[in-house]
Amino acid sequence: MTNKIKIPKHMFFSMARLFIGGLFLYAGVPKIMDPTAFAHAVYRYQILPDFLVNLTAIVLPWLEVITGGFLVAGIWMAGAALTANLMLYIFAAALVATLVRGLNIDCGCFVNTREEIINAGTIARDIAFLVVAGYLFAASLTRRTDS
Amino acid sequence: MNRLQKAICQAAAITALAVICALIFNYFRPGGLDLFHFQAPETTDKAEKDRVIPLDMAAALFADKKAMFLDARPASLYAKGHIKGALSLPWAEAEEKFMDIAEKLPEDKTIITYCDGMACDLSTDLADFLRDMGFENVRILINGWSLWEKNKLPMATGGEDNDK
């Protein structure tokens, strides 16, 4: 036996779960509060046709909040982790598309402030979240018990 | 049902739940959005429209030296290329850099803010900010950098000093 303090696997898992869950709650709630501002943020990406802008602005924050809520509560972990991963992939694709087209627009990722213009760092951050979310999904698929 | 299939079903259920909550909440909340009809922010009121300056007018003011251009994009993009004589005032740093820029803004010239892309609203935000700071003659050149570049109007690269 060594003296090393071992962090149990389930601690890692819980930390990742609370981190990603909290992140989605933090991202989603302000967007629900101000749907018009978020609709403008979606519009600025110029990816969706106009008739899908409002629908996205209405549904996406709720998907973030419900996914975040399930992750924090630890319910349906595999499904919630899968949803989180899919959202982060879609966000990454939208960010890359924006950067490639050379649009200088606000990210609209978290609160509806206009302070964060999309750059390589925004994409790197999304990928970092994806790594954690990916682990979460893989771990919830292979865990012995899954609620 | 294996675990992956179960996860997919759960994800589908979460998505369905989100759609239902979102639609119900949007229906009952005051000021809920119209589901399919998006109102673009630029076209909402007339006074706002009048602040937008067309390219030919901006170019004419430029030629007569009656305009001062302000680049609202990040400094790195300004350095790569900007309207000749324009000052860099990135929207993200507008408050910190404003004092340095303010003394360079001539009172007798039209201030024209610009950024890049039809949907870029950094220039509009910057124009709002300047208006709040007391500058009255501020116009916005929508999609300014792309238009300027496309029409091969005078450009410069690097810092402000290179423009002279």
Side-chain angles (χ1 to χ4, degrees), chain A residues 28 32-46 48-67 69-70 75-87 98 101-106 113-117 119 137 140-143 146, chain B residues 2-27 29 31-42 44 71-74 76-77 80 90-95 115-126 128-129 143 145-146:
Chain A
I32 292 179
M33 309 290 278
D34 192 352
T36 310
F38 185 53
H40 290 170
V42 173
Y43 168 75
R44 284 197 291 270
Y45 276 80
Q46 290 183 286
L48 294 171
D50 281 4
F51 72 95
L52 286 179
V53 169
N54 275 1
L55 206 59
T56 307
I58 292 166
V59 173
L60 185 60
W62 279 93
L63 192 58
E64 290 184 328
V65 165
I66 292 176
T67 301
F70 274 46
I75 305 164
W76 282 6
M77 277 306 300
L82 178 59
T83 317
N85 275 281
L86 291 177
M87 275 193 279
T98 303
R101 288 178 302 162
L103 292 178
N104 3 98
I105 58 166
D106 174 69
T113 54
R114 293 159 174 176
E115 304 290 328
E116 193 195 346
I117 293 139
N119 56 39
F137 180 55
S140 40
L141 278 186
T142 51
R143 273 202 324 164
D146 184 24
Chain B
N2 70 30
R3 285 185 163 190
L4 185 61
Q5 285 171 327
K6 198 174 156 191
I8 293 169
C9 288
Q10 287 172 351
I14 288 170
T15 308
L17 185 64
V19 171
I20 293 165
C21 289
L23 294 180
I24 291 175
F25 188 76
N26 186 65
Y27 182 79
R29 78 181 299 165
L33 297 179
D34 186 298
L35 288 190
F36 301 108
H37 182 73
F38 174 72
Q39 179 83 46
E42 284 81 2
T44 42
D71 192 317
R73 300 171 302 159
S76 56
L77 290 172
K80 275 188 198 163
W91 165 239
E93 300 153 53
E95 283 184 24
C115 51
D116 192 19
M118 281 306 289
C120 173
D121 58 0
L122 304 174
S123 51
T124 312
D125 291 334
L126 187 61
D128 288 344
F129 172 74
N143 198 17
W145 175 241
S146 291

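In what follows, chains are A, B, ... by sequence order, proteins preceding strands, each numbered from 1.
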**Asked** Looking at side-chain heavy atoms only, is the closest gap between B:Lys6 and A:Trp76 below 4.5 Å?
**Response** no

**Prompt:** Do you know which of B:Ala72, B:Gly117, B:Cys21 has the most heavy-atom pairs with chain A at a distance under 4.5 angstrom?
**Reply:** B:Cys21

**Prompt:** Do you know which two heavy atoms are closest between A:Ile32 and B:Phe25, and how far apart they sit?
**Reply:** CG2-CE2, 3.6 Å

**Complete:** Note: A:Trp62 and B:Ala18 closest approach over all heavy atoms is CB-O, 3.7 Å

**Message:** Using side-chain heavy atoms (C-beta onward) and a distance below 4.5 Å, is B:Gln10 in contact with A:Leu82?
**Reply:** no

**Request:** Could you look at B:Asn26 and say if it's the side chain, the backbone, both or neither that has a heavy atom under 4.5 Å from chain A?
**Result:** side chain

**Item:** Within 6.0 angstrom of B:Glu95 CD, more than 12 heavy atoms from elsewhere
**Value:** no

**Request:** Taking all non-hydrogen atoms of both residues into account, name the closest pair between A:Leu141 and B:Ala7 and its distance.
**Result:** CD2-CB, 4.2 Å

**Message:** Are the side chains of B:Tyr27 and A:Ile58 in contact, using a 4.5 Å heavy-atom criterion?
**Reply:** no

**Prompt:** In terms of heavy-atom pairs under 4.5 Å with chain B, which of A:Leu55, A:Leu60, A:Val42, A:Leu86 leads?
**Reply:** A:Leu55

**Asked** Does any non-hydrogen side-chain atom of B:Leu17 lie less than 4.5 Å from one of A:Phe70?
**Response** yes

**Asked** So which heavy atom on A:Ala39 is nearest to which on B:Leu33, and how close?
**Response** CB-CD1, 4.1 Å

**Message:** Testing the basics here: between B:Arg29 and A:Met33, what is the closest heavy-atom pair and its distance to 0.1 Å?
**Reply:** NH2-O, 3.2 Å

**Item:** Under 4.5 Å from any heavy atom of chain A - which part of B:Leu4
**Value:** both

**Request:** Could you tell me which portion of A:Val59 (side chain, backbone, both or neither) has an atom closer than 4.5 angstrom to a non-hydrogen atom of chain B?
**Result:** both

**Request:** Look up atom CG in A:Leu52 and atom CZ in B:Phe36, then write down how far apart they are to the nearest 0.5 Å.
**Result:** 8.0 Å

**Asked** Which atom names give the shortest non-hydrogen contact between A:Gly79 and B:Ala11, and what distance separates them?
**Response** O-CB, 3.6 Å

**Asked** chain B heavy atoms under 4.5 Å from A:Phe137: which part of the residue, side chain, backbone, both or neither?
**Response** side chain

**Message:** Test your reading of the model: is there a side-chain donor-acceptor pair from A:Asn54 to the backbone of B:His37, 3.5 Å cut-off?
**Reply:** yes

